[in-house]
Protein chains: 2
Amino acid sequence: MKPMNLTDLSSFLSERSIKPSFQRIKILNYLIHNHIHPTVNDIYDSLISEIPSLSKTTIYNTLNIFAKNKIVKEINIEENELRYDINTHEHGHFKCIECQEVFDFDIAFEDSAKKSLDGFELLECEMNIKGVCKTCKNIK
Amino acid sequence: MKPMNLTDLSSFLSERSIKPSFQRIKILNYLIHNHIHPTVNDIYDSLISEIPSLSKTTIYNTLNIFAKNKIVKEINIEENELRYDINTHEHGHFKCIECQEVFDFDIAFEDSAKKSLDGFELLECEMNIKGVCKTCKNIK
DNA sequence: ATCATTGCAAACACTTTGCATACGC
DNA sequence: GCGTATGCAAAGTGTTTGCAATGAT
């Protein structure tokens, strides 16, 4: 998703019947500019200096609204916490167990899975892989 | 994995340097006989009548040992809880949002993902899909 | 004035940790 | 007897809920 100015962000939300509050716009803007699969805490830490009154509850609320409206996708790659990803094309996630970074990779879900699930209605697909990334592999 | 008698279960653990305690054998046996991707609570509820002293801590400990030894796989299909699956062949998981059941489906990870991740070391692959299963789709 | 959003505090649920007891070789 | 496994209780952590205050139209 391409960066947007304030007016664009505002209409983006309005079009989806989400009232474009200051906090929601800031969170959306953060997600568009930071494709790092952030956690709620990542978002909080990044925005708190700009919005000192910001509460994590608001971030949770906002992300839940965004998820319901398919603006973001919840990523279950870690047992204990959710990460969020602005919805673009379908892709998988690779988490490096050394540097902890999460990478995107292309994937064609139809090929592999959908033929085994004939007759099922597929709503959300998620593919997560853990391993060691190229960089960390070369360091060792 | 095929059902085993007590001696088999015991050697299965010993071979992996895991001391075959009563609780561990019972939990392993449960996993082999119940391919329902149980949570810790599922296992606890099923075994508590047979082992009244059983503690959830022991189940957590045991499953963590099993996971480290690749006997079970942790399934991250739900945000808030882990499910466990006896390790067999590589397959994906489909969770029906109506009946909550988790189904297995065949998948060839190599095809779709591995070509995009050339140079990366892949350790754990997980593919989770949510949707509506055949049966629930026909009821509606 | 009304209605939705915000944000604090408390509640919740799953998991881990600390530690004393019990068990097995 | 020694070392490990067990299991209770408490702590930890991510997320949700209740509710009063605030904000927008």
Side-chain angles (χ1 to χ4, degrees), chain A residues 6 9-11 13-14 16-30 37-45 47-69 71-84 95 100 102, chain B residues 6-7 9-11 13-14 16-30 37-45 47-69 71-84 100 102:
Chain A
L6 200 133
L9 291 165
S10 193
S11 354
L13 291 175
S14 297
R16 288 160 179 77
S17 314
I18 300 170
K19 207 172 270 182
S21 75
F22 180 65
Q23 286 85 340
R24 288 173 181 169
I25 288 173
K26 284 292 184 185
I27 293 170
L28 176 61
N29 189 51
Y30 175 86
H37 320 88
T39 62
V40 164
N41 280 324
D42 292 335
I43 300 173
Y44 180 82
D45 292 343
L47 295 181
I48 190 64
S49 60
E50 206 178 340
I51 317 166
S53 72
L54 183 64
S55 141
K56 285 186 190 174
T57 306
T58 301
I59 302 177
Y60 280 110
N61 288 338
T62 302
L63 291 173
N64 285 338
I65 292 170
F66 286 2
K68 265 195 202 101
N69 286 272
I71 296 171
V72 295
K73 193 168 185 173
E74 298 175 333
I75 310 176
N76 261 311
I77 203 167
E78 278 304 316
E79 303 80 47
N80 53 330
E81 67 187 5
L82 276 177
R83 295 179 167 274
Y84 292 87
K95 175 157 185 178
Q100 308 295 320
V102 177
Chain B
L6 201 135
T7 317
L9 292 165
S10 193
S11 352
L13 292 175
S14 297
R16 288 158 180 78
S17 314
I18 300 169
K19 207 172 269 183
S21 76
F22 181 64
Q23 285 86 340
R24 288 173 181 170
I25 289 174
K26 283 293 183 185
I27 293 170
L28 176 60
N29 189 51
Y30 176 86
H37 319 88
T39 62
V40 164
N41 280 322
D42 292 335
I43 300 173
Y44 181 82
D45 291 343
L47 295 181
I48 189 63
S49 59
E50 206 178 339
I51 317 168
S53 72
L54 183 65
S55 141
K56 285 187 189 173
T57 306
T58 301
I59 302 178
Y60 279 110
N61 287 338
T62 302
L63 291 173
N64 285 339
I65 292 171
F66 286 1
K68 266 195 203 100
N69 286 272
I71 297 172
V72 295
K73 194 168 186 172
E74 298 175 331
I75 310 176
N76 261 312
I77 204 166
E78 277 305 316
E79 304 81 47
N80 54 331
E81 68 186 5
L82 277 177
R83 294 179 168 273
Y84 292 87
Q100 308 296 318
V102 177

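Below, each value reflects all heavy atoms present in this structure, side chains not excepted, and no hydrogens, waters or symmetry copies. Residue numbering restarts at 1 for every chain, and letters A, B, ... go by the order of the sequence lines.
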Nearest non-hydrogen partners of [X] and [Y], listed with the distance:
{"X": "B:Thr58", "Y": "B:Gln23", "value": "CG2-CB, 4.0 Å"}
{"X": "A:Ile27", "Y": "A:Leu63", "value": "CG2-CD2, 4.4 Å"}
{"X": "B:Glu79", "Y": "A:Asn76", "value": "CA-OD1, 3.4 Å"}
{"X": "A:Lys56", "Y": "A:Tyr44", "value": "CG-CD1, 3.6 Å"}

Legend entry - Contact nearer the 5' end of DNA chain D, comparing B:Lys19 with B:Pro52: B:Lys19

Legend entry - Angle between terminal axes - the helix from C:dA1-D:dT25 to C:dC25-D:dG1, 5 pairs each end, rounded to 10°: 20°

Legend entry - A:Ile25 side, atom CD1; A:Thr62 side, atom OG1 - distance, nearest 0.5 Å: 11.0 Å

Inset, instruction - Nearest 0.5 Å please: distance from the CZ atom of A:Arg16 over to the OG atom of A:Ser11. - result: 10.0 Å

Legend entry - For A:Glu78, side chain to side chain contact (heavy atoms under 4.5 Å, CB included) partners two or more places apart: A:Asn80, A:Glu81, A:Lys95, A:Lys130

Legend entry - side chain to side chain contact (heavy atoms under 4.5 Å, CB included) partners of A:Asp42, counting only residues at least two apart: A:Tyr30, A:Pro38, A:Thr39, A:Arg83

Legend entry - Partners passing salt bridge (Lys or Arg N to Asp or Glu O under 4.0 Å) against B:Glu74 (at least two apart in sequence or in another chain): none

Inset, instruction - Determine, for nucleotides 15-25 of chain D in 5'-to-3' order, which nucleotides have protein heavy atoms under 4.0 Å from the base (write B), from only the sugar-phosphate (write S), or from neither (write -). - result: BBB--------

Inset, instruction - In whole angstrom, give the distance that lies between atom CD1 of B:Ile25 and atom P of D:dA5. - result: 13 Å

Inset, instruction - Please state how far atom CD in B:Glu78 lies from atom P in D:dG14, giving the value in whole angstrom units. - result: 19 Å

Legend entry - Any side-chain heavy-atom pair of B:Ile18 and B:Ile71 under 4.5 Å: yes

Legend entry - Interface limits on DNA chain C, where chain A has a heavy atom under 4.0 Å of a nucleotide atom: C:dA4 to C:dA9

Inset, instruction - Quick one: label B:Gln23 by what it contacts on the DNA or RNA (base, sugar-phosphate, nothing), any heavy atom closer than 4.0 Å. - result: sugar-phosphate

